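Shown next, in structure tokens, is the structure this report addresses.
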Amino acid sequence: MNSSLNGANQTSPKKKKRGRFNFIDAILIVLAILVAGALVYVFSPVSLIKNLTNKNTRSIQYEIELTNVDEAFIDKIKANDQVIDGVSKSVLGSVTMVDYNTKYSEYRFDEIQRENEVGETVTEYTVTPIEYPDKYNVVITVIADASYAEGAGYSINSTRIAVGEKLYLHFPDYRGEGYCVGITEY
Amino acid sequence: MTKKSINAEKKDRSGLKIKALDVVIIVLLVAVVAGVYFRYNILDMLTGSRNLKEYTVSFEIKDIQYKTENYINVGDKVYYYDSSEELGTLIEASEDAKNALIVVPSTKTFVPEGTNQAVEVAYPSNTRIDATGRMVCKGTFSDQSGFLFKGKEHIAPGDVISVKTELVTVNIIVTDIAPVE
């Protein structure tokens, strides 16, 4: 009996001690997974994560006003022209309409003398728009597919499209800068 | 084989042997979890991020295109333009108003010839406008430091802040800060 026990008690020189998987190893694995997930969440762009999980693309139409455009250039921008962001060089859409019916104006200060109800002469001040004969305000309508995020609004290839945003634009035959003055979904 | 060696062998096979290194790892894990907890709680206490209250921040906007008014509404969230951190939420422009902005034609300042007096003259309608509005922000207030947005950033009347909502980008000038009653 002793010999059999002794036989059972002896470790075979050919058998290697197997690594035991204990609860500390399990904790470390779970922790490593959590850390990896946290790093991905923290350091990856939020837009990337949102793009992977939920693409929210919407078709928009927006207007950009370019002011004080010389008469020689107003017909350089045409419908169907592609619009390029001058900073990021990404496509911002295509032109559907160009409105250059408004002349560029600056304001002249005027004094006006007039009589009031009791016959007294009073001075009133006004501003009178003076149109430049060869300068125009050009409103360009652009359509594009934009990414939408609640709160953040619309963006096209990381260029934010919102009223009041200044945009630097390249067209095939013209380059200029202006402000977004309107935006709608269609 | 002795009883002692049999018991030792049983223990060796049980898989619950804790070594000194395991103890160190457990202590480190507890320290990491505790550190994350205290980092956010102590920092909150030090920076005053706790006990934030709501304040009404009044502002004005100067010389914007008249159509911009159509894109600013009550309930719109306002964010810092650069960091995109939420600053506040737009409310009615005044106690009696229904809209987010009260607009007036923008003005241009002139000095008539022969006078030393500056005169403000309004732009024609449907050109440029000025506007006033209000938003609710969370922060703390003290006589020493004034209003601290989220308990950390000082905002005071006169500040010009670049902000954005979902549809608009604009600069606002803070004119007043008062607690929400």
Side-chain angles (χ1 to χ4, degrees), chain A residues 1-11 17-25 27-28 30-31 34-35 38 46 60 62-63 65 67 105-111 123-129 139 148-154 160-167 179-185, chain B residues 1-2 5-6 9 12-19 21-26 28-29 32-33 36 61 64-72 76-79 81 84 86 105-115 119-124 127-128 162-171:
Chain A
M1 188 170 173
N2 278 343
S3 62
S4 63
L5 284 172
N6 282 336
N9 207 20
Q10 283 173 357
T11 304
K17 197 173 182 180
R18 289 181 185 173
R20 292 200 181 99
F21 184 84
N22 58 28
F23 77 95
I24 295 295
D25 297 323
I27 289 174
L28 286 173
V30 170
L31 187 66
L34 287 175
V35 168
V46 174
I60 61 169
Y62 60 100
E63 290 90 41
E65 185 179 45
T67 58
S105 303
E106 290 190 356
Y107 292 90
R108 184 185 68 201
F109 176 74
D110 285 328
E111 282 184 40
T123 303
E124 283 187 353
Y125 302 103
T126 63
V127 286
T128 303
V139 178
Y148 171 80
E150 193 173 336
Y154 301 95
R160 174 173 152 84
I161 306 296
V163 174
E165 281 284 342
K166 188 167 187 178
L167 299 169
Y179 287 89
C180 178
V181 294
I183 182 169
T184 51
E185 278 189 30
Chain B
M1 188 175 177
T2 63
S5 63
I6 292 171
E9 186 179 331
D12 197 39
R13 290 180 180 174
S14 70
L16 290 177
K17 195 174 180 181
I18 296 181
K19 300 175 185 173
L21 186 60
D22 292 333
V23 173
V24 171
I25 292 171
I26 291 171
L28 282 174
L29 286 173
V32 165
V33 172
V36 171
I61 304 172
I64 55 173
Q65 216 252 7
Y66 73 102
K67 291 181 185 175
T68 306
E69 176 194 6
N70 301 327
Y71 296 92
I72 300 177
D76 285 353
K77 292 201 183 297
V78 182
Y79 305 86
Y81 183 79
S84 298
E86 185 175 329
S106 197
T107 58
K108 202 170 170 70
T109 304
F110 295 93
V111 179
E113 270 191 50
T115 73
V119 175
E120 282 195 353
V121 184
Y123 277 85
T127 55
R128 312 291 294 182
S162 290
V163 299
K164 58 185 176 184
T165 65
E166 192 170 289
L167 296 177
V168 174
T169 296
V170 74
N171 289 334

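Proteins come first, then strands; the chains are lettered A, B, ... in the order of their sequence lines, and each starts at number 1. Keep in mind that the numbers below use all heavy atoms, side chains included, and drop hydrogens, waters and symmetry copies. Here the structure is a predicted model, which means the values were calculated and not measured.
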Honestly, the part of B:Thr68 sitting under 4.5 Å from a heavy atom of chain A is both

Under 4.5 Å to a heavy atom of chain B? For A:Glu124 that would be neither

When the 4.5 angstrom heavy-atom criterion is applied to B:Leu167 and chain A, the contacting part is both

When the 4.5 angstrom heavy-atom criterion is applied to B:Ile64 and chain A, the contacting part is neither

Turns out that what part of B:Tyr81 lies under 4.5 Å from chain A's heavy atoms comes down to side chain

With chain A, the option among B:Glu113, B:Glu120, B:Glu86, B:Lys164 that has the most non-hydrogen atom pairs under 4.5 Å is B:Lys164

So, the part of A:Tyr179 with a heavy atom under 4.5 Å from chain B: the answer is neither

Counting heavy-atom pairs under 4.5 angstrom with chain A, the leader among B:Ser84, B:Pro112, B:Ala122 is B:Pro112

Heavy-atom nearest pair, A:Arg160 first then B:Val168, reads NH2-O, 3.0 Å

Discussion item. Tell me whether B:Tyr71 contacts the main-chain N or O of A:Ile183 through its side chain, where contact means a donor paired with an acceptor under 3.5 Å.
Written reply: yes

Turns out that what part of B:Thr127 lies under 4.5 Å from chain A's heavy atoms comes down to side chain

Margin query: side-chain hydrogen bond (donor to acceptor under 3.5 Å, both in side chains) for A:Glu165 and B:Thr169? Distances and angles first, verdict last.
Written below: CA-CA 6 Å; A:Glu165 281 284 342; B:Thr169 296; 2.7 Å; yes

The interface call for B:Ile72 against chain A, heavy-atom contacts under 4.5 Å, is neither

Could you tell me whether A:Tyr125 and A:Phe109 have their ring centroids closer than 6.0 angstrom?
yes

Honestly, the part of B:Lys67 sitting under 4.5 Å from a heavy atom of chain A is side chain

Under 3.5 Å: donor-acceptor pair, side chain of B:Glu166, backbone of A:Gly151: yes

Keeping A:Asn22 on the side-chain end and A:Asp25 on the backbone end, is there a donor-acceptor pair under 3.5 Å?
yes

For A:Leu167 and A:Cys180, the nearest pair of non-hydrogen atoms, with its separation, is CD1-CB, 4.5 Å

- Task: Show the numbers, then the answer: is there a side chain to side chain contact (heavy atoms under 4.5 Å, CB included) between B:Tyr66 and B:Arg128?
- Result: CA-CA 5 Å; B:Tyr66 73 102; B:Arg128 312 291 294 182; over 6 Å; no

